[in-house]
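Here is how names work: the chains are called A, B, and so on, in the same order as the sequence lines, proteins then strands, and each is numbered from 1. Keep in mind the model is a prediction, meaning the values are calculated, not measured.
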2 protein chains.
Amino acid sequence: MQSISEAESRIMEALWRKTPLTAEQIISTVGPENGWAPATVKTLVTRLLKKGAIAGAKEDGGYFYRPLIARADWVQSESQGLLDRLFKGEVAPLVAHFAEHRQLSAKDLRQLKALISKIEEDGK
Amino acid sequence: MQSISEAESRIMEALWRKTPLTAEQIISTVGPENGWAPATVKTLVTRLLKKGAIAGAKEDGGYFYRPLIARADWVQSESQGLLDRLFKGEVAPLVAHFAEHRQLSAKDLRQLKALISKIEEDGK
DNA sequence: CTTGCCAGATTACAGGCGTACTTTTCAATG
DNA sequence: CATTGAAAAGTACGCCTGTAATCTGGCAAG
């Protein structure tokens, strides 16, 4: 509950990509990705269990882990903090910042315009 | 150099708001803001000194601290990390996320449209 | 019924962080 | 020159994190 650490989030990402996963599967995806020993992955899984961020249960022949919190919720709390701390909670300055640092691709621009149109459409 | 911690960033913010500041001034702004004892603020200042994030020097009668790194640079590394970790480096999904969570104010929308227009204008 | 495997718990340990006090070292002032 | 006052360095300490190994208890297979 009290915030997922950086390393722990790697486990979560794996589970959000594909759910459920066995311990074996988590270890074989997340381990190599991060250069972690199996024991390390198990520790992180244990901590996530204790935090209530994931749950494990045996289902049809295997033992599977599932995330208990939604990625969107996690993303929300992570990005809200940054937005508040760095940009006084305003989205536009954040985007402006990325624009200044050449992080705005043509694709982003296209998607942003579409997004804005859609929002205005809905609001109408 | 190796990343400014959350608590340390409060000191930096004070120095970015107004530079230079004396130890006294830092303590009297940052301390109450965060409920920190003077000793705590001094520790954070020391760590920032050791990290090379700020510098202290005596100038006309007082001892003043100045930031050695620009806020823009710090904001950049902070937000880049989040963008990469959470949104695969794409800005549009980030904005979409905020839109879905009602974090997009009318003001933001207006500013975003202006920003996009300006970018397209420049690119032309 | 026994044995072995695996999930979960326990233990380990160093480094960073938040919080804070104490000691040392200078520079200025009397 | 001596004292003082503040800056900087050192000490402290508990918690979280990253990294990892080991112990334990229950279920499944033989």
Side-chain angles (χ1 to χ4, degrees), chain A residues 1-15 19-68 74 77-78 81 85, chain B residues 1-15 19-68 74 77-78 81 85:
Chain A
M1 197 222 83
Q2 53 283 40
S3 82
I4 292 164
S5 85
E6 169 62 23
E8 287 159 6
S9 77
R10 306 302 175 89
I11 311 286
M12 296 305 289
E13 290 286 6
L15 282 171
T19 297
L21 292 177
T22 64
E24 188 54 39
Q25 291 172 322
I26 295 177
I27 288 170
S28 61
T29 28
V30 180
E33 267 176 25
N34 298 281
W36 287 335
T40 300
V41 177
K42 290 185 79 180
T43 298
L44 295 172
V45 167
T46 299
R47 288 182 183 167
L48 286 168
L49 282 170
K50 191 167 330 181
K51 286 183 186 181
I54 66 176
K58 49 199 148 348
E59 303 168 27
D60 46 34
Y63 201 95
F64 291 91
Y65 294 92
R66 298 174 178 282
L68 290 184
W74 175 70
S77 53
E78 291 290 302
R85 281 189 300 115
Chain B
M1 197 224 82
Q2 52 283 42
S3 82
I4 292 164
S5 83
E6 169 62 23
E8 286 161 4
S9 78
R10 306 303 176 89
I11 310 286
M12 295 306 289
E13 290 286 7
L15 282 172
T19 297
L21 293 177
T22 64
E24 187 54 39
Q25 291 172 322
I26 295 177
I27 289 169
S28 60
T29 27
V30 180
E33 267 176 24
N34 297 281
W36 286 337
T40 301
V41 178
K42 291 183 81 178
T43 298
L44 294 171
V45 168
T46 300
R47 288 181 183 167
L48 287 169
L49 282 169
K50 192 169 328 183
K51 287 185 186 180
I54 64 175
K58 51 201 147 347
E59 303 167 27
D60 45 35
Y63 201 95
F64 290 91
Y65 295 92
R66 298 172 178 283
L68 289 184
W74 175 70
S77 53
E78 291 288 303
R85 280 190 301 115

Kindly indicate, with the supporting measurements, whether the criterion side-chain contact (heavy atoms from CB on, under 4.5 Å) is fulfilled by Leu21(B) and Phe64(B).
CA-CA 5 Å; Leu21(B) 293 177; Phe64(B) 290 91; 5.7 Å; no

Grab the [atom1]-[atom2] distance between [X] and [N] for me, whole Å please.
X        : N       : atom1 : atom2 : answer
Glu6(B)  : dT17(D) : CD    : C1'   : 16 Å
Leu21(B) : dA7(D)  : CG    : P     : 13 Å
Lys50(B) : dC17(C) : NZ    : C1'   : 13 Å
Glu8(A)  : dC16(D) : CD    : P     : 11 Å
Ile11(A) : dG18(D) : CD1   : P     : 11 Å
Tyr63(A) : dA9(C)  : OH    : C1'   : 12 Å
Ile4(B)  : dG16(C) : CD1   : C1'   : 15 Å
Ile54(A) : dA7(C)  : CD1   : C1'   : 11 Å

Respond yes when some side-chain nitrogen or oxygen of Lys51(A) is under 4.0 Å from OP1 or OP2 of dT17(D), and no when none is.
yes

Whether Ser5(B) contacts dG18(C) is assessed here as follows: a side-chain N or O lying under 4.0 Å from the phosphate OP1 or OP2. Is that the case?
yes

Going by heavy atoms in the side chains, are [X] and [Y] under 4.5 Å from each other?
X        : Y        : answer
Glu33(A) : Arg10(A) : no
Lys42(A) : Trp36(A) : no
Pro67(A) : Trp74(A) : no
Tyr65(B) : Thr19(B) : no
Ile26(B) : Thr22(B) : no
Met12(B) : Leu48(B) : yes

Could you check whether any side-chain N or O of Lys51(B) sits under 3.5 Å from a backbone N or O of Ile4(B), counting only pairs where one atom can act as donor and the other as acceptor?
no

To the nearest 0.5 angstrom, please state how far the NZ atom of Lys50(B) sits from the CZ atom of Arg47(B).
8.0 Å

Measuring from atom CD of Glu13(B) to atom OG1 of Thr29(B), what distance do you get when rounded to the nearest 0.5 angstrom?
12.0 Å

Is there any protein nitrogen or oxygen under 3.5 Å from a nitrogen or oxygen in nucleotides 28-30 of chain D, and what are the pairs?
none

Identified side chain to side chain contact (heavy atoms under 4.5 Å, CB included) partner of Leu49(B) from the options Leu68(B), Leu44(B), Ile54(B)
Ile54(B)

Could you please name the option among dG18(C), dA7(D), dG18(D) that lies closest to any side-chain atom of Tyr65(B)?
dA7(D)

When you measure from the side chain of Ser3(B), which nucleotide among dG18(C), dC17(C), dG8(C) comes out closest?
dC17(C)

When you measure from every atom of DNA chain D, which of residues 26-34 of chain A have a heavy atom less than 4.0 Å away?
none

Touch class at under 4.0 angstrom, heavy-atom based, for Glu24(B) against every strand present
nothing

Identify whether the distance between the nearest side-chain nitrogen and carboxylate oxygen of Glu6(B) and Arg85(A) falls below 4.0 Å.
yes

Contact check, residues 37-46 of chain B vs DNA chain C, heavy-atom distance under 4.0 Å, returns Ala37(B), Ala39(B), Thr40(B), Thr43(B)

Ignoring hydrogens and geometry beyond distance, is the side chain of Arg47(A) in donor-acceptor contact with the base of dG18(D) at under 3.5 Å?
yes

Whether the side chain of Arg10(A) and the base of dT17(D) hold a donor-acceptor pair under 3.5 Å is what I'd like checked.
no

